[in-house]
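Notes to accompany the following structure.
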Number of protein chains: 2
Amino acid sequence: MKVLIVEDDPLHRSYLHEAVSAALPECDTVIEAENGIAGERLARDHRSAHIVMDLQMANRNGIEAARAIWKERPETRILFWSNYSDEAYVRGVSRIVPDGAAYGYVLKSASDERLKLALRSIFVESQCVIDREVRGLQQKSLSHARSFTDSEYEVLVDIALGLTDRAIARRRNLSLRSVQNRLQHLYDKLEVYQTTAADPDDSRFNLRARAVTVAFLRKLLNYSALERAEAELQDWLREH
Amino acid sequence: MKVLIVEDDPLHRSYLHEAVSAALPECDTVIEAENGIAGERLARDHRSAHIVMDLQMANRNGIEAARAIWKERPETRILFWSNYSDEAYVRGVSRIVPDGAAYGYVLKSASDERLKLALRSIFVESQCVIDREVRGLQQKSLSHARSFTDSEYEVLVDIALGLTDRAIARRRNLSLRSVQNRLQHLYDKLEVYQTTAADPDDSRFNLRARAVTVAFLRKLLNYSALERAEAELQDWLREH
DNA sequence: GTGCGTCCTGCATGAAACCGCAACTCGTTG
DNA sequence: CAACGAGTTGCGGTTTCATGCAGGACGCAC
């Protein structure tokens, strides 16, 4: 068995290397990449079917890389190993997992034991292993109450990118009013209001901007999600 | 000599521990904290005058912790050890360094050698050591051209928080028009325009929101800066 | 089918935001 | 002192946002 490690922090990389060797005696080769681009290339060259991937990397993040890799070979098994359980990451990963693929999501704060178990479960047993904390988010994200529908998340991203209502309408093939409707729902769910409860007369918040801030603070959005969305936006702009 | 290490990642923490022991034979005690709060407490209890501090920590980030520590004992020497050289961090650190304090800013990507040199320079020689990459940012941030004045940065933060022009005016004791003026300057410097160069007729961007996005993408803002700004805002809101 | 809920859409209005024009205040420089 | 530049402020006009009201389309359950 060959395992590819994609991780930009050298300390974490060597820790992973050791963990992989210890957990998987059947693994004879460990390859390392220090960013998403190199990871994609190595995955292609070596046809590696077993990958441990960091999410947050400077050059090209783990979600991008995983998407590209799964596009070529959907049966690839990927264990995401991340510092954070931001909803933005969880959403990002869920969005790209191919049907029936075996994958995992383990936090870096997990114990050695947990990491090794996850490695064996995914790479040997083809089981999905999702950290319980992440799992919680996923389910909250599915359950109807208090969560965001895809369309609400979509407008959230669009206003975060700085698009006008009109531009969003064109991009998503909607009427202006529908876009504004979705924004209403978004504001409701994020619980942003123009005025404070204390003094309903002075409006303090620009809802559109405030919604983005709140989403950031709640980790519905993060830098890497923004980066991805911006890249997609630029593509769309080119096509007009 | 006693050294306090404040760092949330266990791997990095033990790496630092070793580096400190190797670089500073005169150091007899190394204390560790895994977040900003514990760090502050230990700094107070042990009166530690030598601290190595991570910036990005979940519970309370390094800038907050450093500010609190320096407030009590401005002669404390702090070496910031960070993954990133975001302008938001650099600005945040510069803002809180007491006059004449010895401090340092070293990136985690620096070599062992560089880290050890920095440790000795700051803790033994009381020299300031700033990573050259960070230094570049600092100077760009001071040089007039292409950079942001404090007042422009201030409005940037305010719109990022989602305040209305009127609210910003009240908060900063300005007229509405002045706030809008600063916003104009901000938009100019961030090079955000409503329309694309290609087709000046269709306006696509909400300048206010777009400015925030661009600032994020350029790392003028980041999560921790937002978090800090939000806390200050909440304080101000309470006082009205 | 009828009724209900959810989503899309048009029209309309008051409040913000964007921005050009112009006057006024300072501190710096010649 | 006069000239200049940078930053503030007021006025006014146009555009975009936020949001209530209401009519229509679609799917699901009874």
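Just so it is clear: chains get the letters A, B, ... in the order the sequence lines come, proteins before strands, and each one is counted from 1. If you're wondering where the values come from, they're calculated on a predicted model, not measured in any experiment.
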Open item on the list: I'd like to know whether CD of A:Glu133 has more than 12 heavy-atom contacts from other residues, nucleotides or ligands below 6.0 angstrom.
Closed with: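 12 or below, so no.
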Nucleotide [N], atom [atom2] - distance to [atom1] of [X] in whole Å:
X: B:Arg172; N: D:dT8; atom1: CZ; atom2: P; answer: 13 Å
X: A:Leu176; N: D:dC17; atom1: CG; atom2: P; answer: 8 Å
X: B:Ile168; N: C:dA16; atom1: CD1; atom2: C1'; answer: 12 Å
X: B:His185; N: D:dG5; atom1: NE2; atom2: P; answer: 14 Å
X: B:Leu186; N: C:dA17; atom1: CG; atom2: C1'; answer: 14 Å
X: A:Ile159; N: D:dA18; atom1: CD1; atom2: C1'; answer: 12 Å
X: A:Arg166; N: D:dT15; atom1: CZ; atom2: P; answer: 10 Å
X: B:Asp188; N: C:dC18; atom1: CG; atom2: P; answer: 13 Å

Open item on the list: Using a heavy-atom cut-off of 4.0 Å across all strands, would you classify B:Leu174 as base, sugar-phosphate, or nothing?
Closed with: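 Since only primed, P, OP1 and OP2 atoms lie under 4.0 Å of B:Leu174, the category is sugar-phosphate.
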Task: Note: B:Arg91-B:Asp86 ion pair, threshold 4.0 Å (strictly below) - done: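 So B:Arg91 does not pair with B:Asp86 through a salt bridge.
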TODO: Rounded to the nearest 0.5 Å, what's the gap from CG on A:Leu55 to CG on A:Asn83? Could you check?
DONE: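 Rounded to the nearest 0.5 Å, the CG-CG separation comes out at 9.5 Å.
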Task: Validation row: B:Arg177, B:Asn181 side chains within 4.5 angstrom (heavy atoms) - done: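 A side-chain contact under 4.5 Å exists here.
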TODO: Answer whether the closest heavy-atom distance between the side chains of B:Val6 and B:Glu40 falls below 4.5 Å.
DONE: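 They are not in side-chain contact.
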- [ ] Check DNA chain C against residues 150-157 of chain A and give the residues with a non-hydrogen atom under 4.0 Å, in numerical order.
- [x]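 Heavy-atom cutoff 4.0 Å gives no residues at all.
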Is there a side-chain contact between [X] and the phosphate of [N], meaning an N or O under 4.0 Å from OP1 or OP2?
X: B:Arg208; N: C:dC18; result: yes
X: B:Thr164; N: C:dA16; result: no
X: A:Ser175; N: C:dT9; result: yes
X: B:Asn206; N: D:dC17; result: yes

- [ ] Please step through side chain to side chain contact (heavy atoms under 4.5 Å, CB included) for the pair A:His185 and A:Lys189, ending with a clear verdict.
- [x] CA-CA 6 Å; A:His185 291 152; A:Lys189 290 203 182 166; 5.6 Å; no
Task: Polar contact flag, side-chain donor to acceptor under 3.5 angstrom, B:Gln234-B:Glu230 - done: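 Side chains of B:Gln234 and B:Glu230: pair found under 3.5 Å.
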Open item on the list: Generate the contact string for nucleotides 19-28 of chain D. Rules: B means base contact, S means sugar-phosphate contact only, - means no protein heavy atom under 4.0 Å.
Closed with: BBB-------
Task: Pairwise ring-ring contact (aromatic ring centres under 6.0 Å, His included) hits with a residue in residues 209-231 of chain A, at least two apart - done: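 Listed by first then second residue: A:Phe216-B:Phe216.
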Contacts table for residues 96-109 of chain A: side-chain donor-acceptor under 3.5 angstrom, sequence neighbours left out:
residue, atom, partner, partner atom, Å
A:Tyr103, OH, A:Gln138, NE2, 3.4
A:Tyr105, OH, A:Tyr84, O, 3.0
A:Lys108, NZ, A:Glu7, OE1, 3.1
A:Lys108, NZ, A:His12, ND1, 3.0

Task: All salt bridge (Lys or Arg N to Asp or Glu O under 4.0 Å) counterparts of B:Arg172, not counting sequence neighbours - done: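 Once residues adjacent in sequence are excluded, the partners of B:Arg172 under the salt bridge (Lys or Arg N to Asp or Glu O under 4.0 Å) criterion are B:Glu154, B:Asp158.
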Open item on the list: Less than 6.0 angstrom from the centroid, inside 45 degrees of the normal: does B:Arg77 satisfy that with respect to the ring of B:Phe123?
Closed with: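 B:Arg77 over B:Phe123 ring: no.
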Open item on the list: Assuming nearest nucleotide by heavy-atom distance, tell me which of A:Asn173 and B:Asp165 is located more 5' along DNA chain C.
Closed with: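 Between the two, 5'-proximity favours A:Asn173.
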Task: B:Arg210 side-chain N/O to A:Leu161 backbone N/O, donor-acceptor pair under 3.5 Å - done: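 Yes; at least one donor-acceptor contact below 3.5 Å.
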- [ ] Can you sort out which residues in residues 210-218 of chain B have a heavy atom within less than 4.0 Å of DNA chain D? Ascending by number, please.
- [x]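 The answer is none.
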